[in-house]
*Asks:* 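Take this structure, written in structure tokens, and hold onto it; I'll ask about it next.
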Amino acid sequence: MIPKFITLEGGEGSGKSTQVKILSDWLAWSGHSVLKTREPGGTAGAEAIRGLVLGRAGWDPVAEMALHFAARREHWAKTIQPSLDAGSFVVCDRFFDSTLAYQVAGQGASREVWAALRTATLGDAAPDLTLLLDIPVALGLARAGRRGDINRYDTLDRDFHERVRDSFLGQAGAEPHRFAVLDASAPLEAVTQAVISTCRQRLSLP
Ligand code: TYD
């Protein structure tokens, strides 16, 4: 079995982190070696960059996007690619689709710069499967608010989060072979079932 690179994407309060853990545990239980990781982060350097981007507002838009891709390059080169090469599945909470949704659609950074940074840092590397946990913005923000761990993107206005959601849905529509859109407003067990069955089907897992 060739190991697969699986990413989970979605807006605030979509339950991604919970599903990343459940999916990683399920893959391990099924006998696969698994790396569970997140962005921004996943290596010491990338976690340091996470502190910079989440810790303060007011970045120049290109600088902010470049920081996300610098963290991602570290993560890819030092953790993700070596893990895949060593035969491990990789389950990652967010990847470059988040930068297109948050920095380009949300914050108005240039899509051309996004594409150039993507190519410069990753070449044509991409996830094998991206699960988009889609949830209406009001419901997601209410859930995230109850959870309490608010970061600086969470506090941006409703329109920002609507643009993020529309961007994710547009990306999924443009790349239906890589993306699967799952209804994250459903109860936890139903979302979990959808995550596992989609992985089984799309990645031909037993
Ligand atoms: P995190 O606490 O991990 O939030 P979540 O549980 O919603 O994933 O913080 C990550 C935040 O960083 C999140 O608000 C989305 C944002 N982000 C970007 O703006 N661009 C990116 O490229 C990535 C990976 C994350």
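Both counts, for ligands and for their atoms, begin at 1 and track the order of listing.
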*Asks:* Distances under 3.5 Å, N/O of ligand 1 against N/O of the protein: list each pair and its distance.
*Replies:*
unit_1, atom_1, unit_2, atom_2, d
ligand 1, 2 (O), Arg50, NH2, 3.3
ligand 1, 3 (O), Arg50, NH2, 3.0
ligand 1, 7 (O), Glu12, OE1, 2.9
ligand 1, 7 (O), Arg94, NH2, 2.9
ligand 1, 8 (O), Lys16, NZ, 2.8
ligand 1, 8 (O), Arg94, NE, 2.8
ligand 1, 8 (O), Arg94, NH2, 3.3
ligand 1, 9 (O), Asn151, ND2, 3.2
ligand 1, 14 (O), Glu12, OE2, 3.0
ligand 1, 14 (O), Asn151, OD1, 3.4
ligand 1, 14 (O), Asn151, ND2, 3.2
ligand 1, 19 (O), Gln103, OE1, 3.4
ligand 1, 19 (O), Gln103, NE2, 3.0
ligand 1, 20 (N), His68, NE2, 3.3
ligand 1, 20 (N), Gln103, OE1, 2.8
ligand 1, 22 (O), His68, ND1, 3.4
ligand 1, 22 (O), Arg72, NH2, 3.1
ligand 1, 22 (O), Thr99, N, 3.4
ligand 1, 22 (O), Thr99, OG1, 2.6

*Asks:* So, are Glu39 and Arg72 salt-bridged, with charged N and O less than 4.0 Å apart?
*Replies:* yes
*Asks:* Just grab all the ring-ring contact (aromatic ring centres under 6.0 Å, His included) pairs involving residues 156-182, residues at least two apart or on different chains.
*Replies:* Tyr102-Phe160
*Asks:* Under a 4.0 Å N-O cut-off, is there an ion pair linking Asp97 with Arg178?
*Replies:* yes
*Asks:* According to the interplanar angle, ranging from 0 to 90°, do the rings of Tyr153 and His68 count as parallel (below 30°), tilted (30 to 60°) or perpendicular (above 60°)?
*Replies:* tilted
*Asks:* Parallel under 30°, tilted from 30 to 60°, perpendicular over 60°: which one fits the rings of His32 and Phe89?
*Replies:* tilted
*Asks:* If you define the side chain from C-beta out and look only at heavy atoms, does anything of Leu27 sit under 4.5 Å from Val91?
*Replies:* yes
